[in-house]
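To start, the structure itself, in structure tokens.
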Amino acid sequence: VGTQKYHKVFDYVDTILQRRLHRRMDELELSLTGESVCDVEEEAGSQNTIRDHIPKDLNASAFVSIMQGCNMRCSFCIVPDTRGKERGRPIGEIVDEVKRLRDHGVKEITLLGQIVNLYGRTEFEKVDGKSPFVQLLEAVHAVEGIERIRFTSPHPIGYRDDLVAAFTYLPKLCSHIHFPMQSGSDRILKAMRRPYKNEKFVEICEKMKAARPGIAITTDIIVGFPGEEEEDFQATIDTVNRLQFDNAFVFRYSKRKDTPAAEMDGQLPEREKEDRNQRLLDVVNEIAKAKHQAMVGTVQQVLCEGPSKTNKQRLTGRTGTNKILIFDGDAHKLTGQFLDIRVEESTGFTLYGSVI
Ligand code: SF4
């Protein structure tokens with residue numbers, strides 16, 4: 001996955017599971033004994049219980065967790081210790097959940113996993129050279145009524161040509177991937193225990209741009225990792241300039257307890273981390289603004305999500321490339337509908353337009 005933002009989704013799911021555990025404890029009246037119970041085993045079939053997080057009031061867009069755990073050992077990340085080994089849910093179960101969501105009006109599905117493209121690699125076979133994840137994408141694509149499919153977050157390891165090719169024949173796959181890079185320096189990637197080189201990451205992005213012209217790529221980047229020198233940081237800036245990410249979540253490295261990186265030599269002073277954070281943000285933001293500005297005058301299809309969070313009088317929706325568009329309209333009529341919007345203005349990171 002990468003960094004905090006997407007882990008929050010899993011934290012949310014985890015909170016629900018914890019509540020269920022506490023409920024069970026109450027039922028068993030364990031609290032009367034005064035003993036504390038700490039269950040650190042992976043619950044059998046727990047990858048299937050994630051579906052319990054389906055909310056009562058569904059939007060047109062929903063998340064579906066397809067796996068739990070992660071077998072990677074990124075040196076800054078605590079997930080492998082807290083979530084256990086990778087366990088994928090069977091394709092049939094996931095498709096059943098997608099159909100139930102569809103029956104409640106959902107049109108857009110985001111498949112969630114810590115390393116989503118490696119879904120099922122330890123449990124399910126390849127078929128016709130296609131990974132279990134591509135098989136899953138095909139199965140979800142076949143669900144009538146689901147119009148858009150997204151996934152987050154993929155890892156460069158296992159991002160193979162079958163997944164790139166899927167973007168050429170599965171039109172419901174949105175033209176956007178969130179693809180964590182973390183660093184543009186091979187030396188720092190090695191220290192992060194991210195087992196790929198910068199060139200490999202760049203090559204995958206270029207293949208994706210060829211497979212789906214106009215695809216938006218966003219990423220996660222950590223700056224100020226222990227031992228990061230100015231030249232490592234420059235390698236990150238160079239890669240951002242080369243790949244022209246649509247946006248990037250930039251994180252200043254901070255120690256996470258019980259991770260190998262927290263004990264590494266070469267921890268950087270806060271002011272150095274802050275300086276790099278700001279310099280990288282300047283580059284990222286300039287590219288993002290230019291990409292938004294280039295959309296002014298175009299017509300974009302959005303899935304209307306309802307009233308905008310910042311201005312309840314207006315509506316909001318997302319393009320396939322995951323850009324936010326604000327427009328006027330009747331929330332009761334338009335929420336959950338696909339609409340064509342003419343983009344009239346960009347304020348940097350938000351687009352404004354009118355329904356046509
Ligand atoms: S891939 Fe790395 S960052 Fe993502 S969950 Fe696994 S260990 Fe953590």
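We count ligands from 1, going down the list as the structure has it; atoms in each ligand are counted the same way.
Enclosure of atom CD in Glu274 by more than 12 non-hydrogen atoms of other residues, nucleotides or ligands within 6.0 angstrom is indicated. Under a cut-off of 6.0 angstrom, the local environment of CD in Gln244 is crowded, with over 12 non-hydrogen atoms contributed by other residues, nucleotides or ligands.
Using modelled atom types and a 3.5 Å distance limit, the side chains of Thr218 and His176 yield a donor-acceptor pair.
Residues passing the side chain to side chain donor-acceptor pair (under 3.5 Å) test with Tyr253, sequence neighbours excluded: none. For the side chain to side chain contact (heavy atoms under 4.5 Å, CB included) test, residues two or more places apart in sequence or in another chain that qualify with Glu344 are Ser354.
Proximity of Pro180 to ligand 1, defined as any heavy-atom pair under 4.0 Å, is not found for any part of the residue.
Distances from atom 2 (Fe) of ligand 1 show that Cys74 has an N/O/S atom below 2.8 Å. Among the backbone and side-chain atoms of His155, no N/O/S atom is found under 2.8 Å from atom 6 (Fe) of ligand 1.
Of all atoms in ligand 1, listed by their number and element, those nearer than 4.0 Å to a heavy atom of Pro80 are 7 (S). For ligand 1, the atoms sitting less than 4.0 Å from at least one non-hydrogen atom of Ile115 are 1 (S), numbered in the order shown with element in parentheses.
In this structure, Arg194 is part of the shell of residues with a heavy atom less than 4.0 angstrom from ligand 1.
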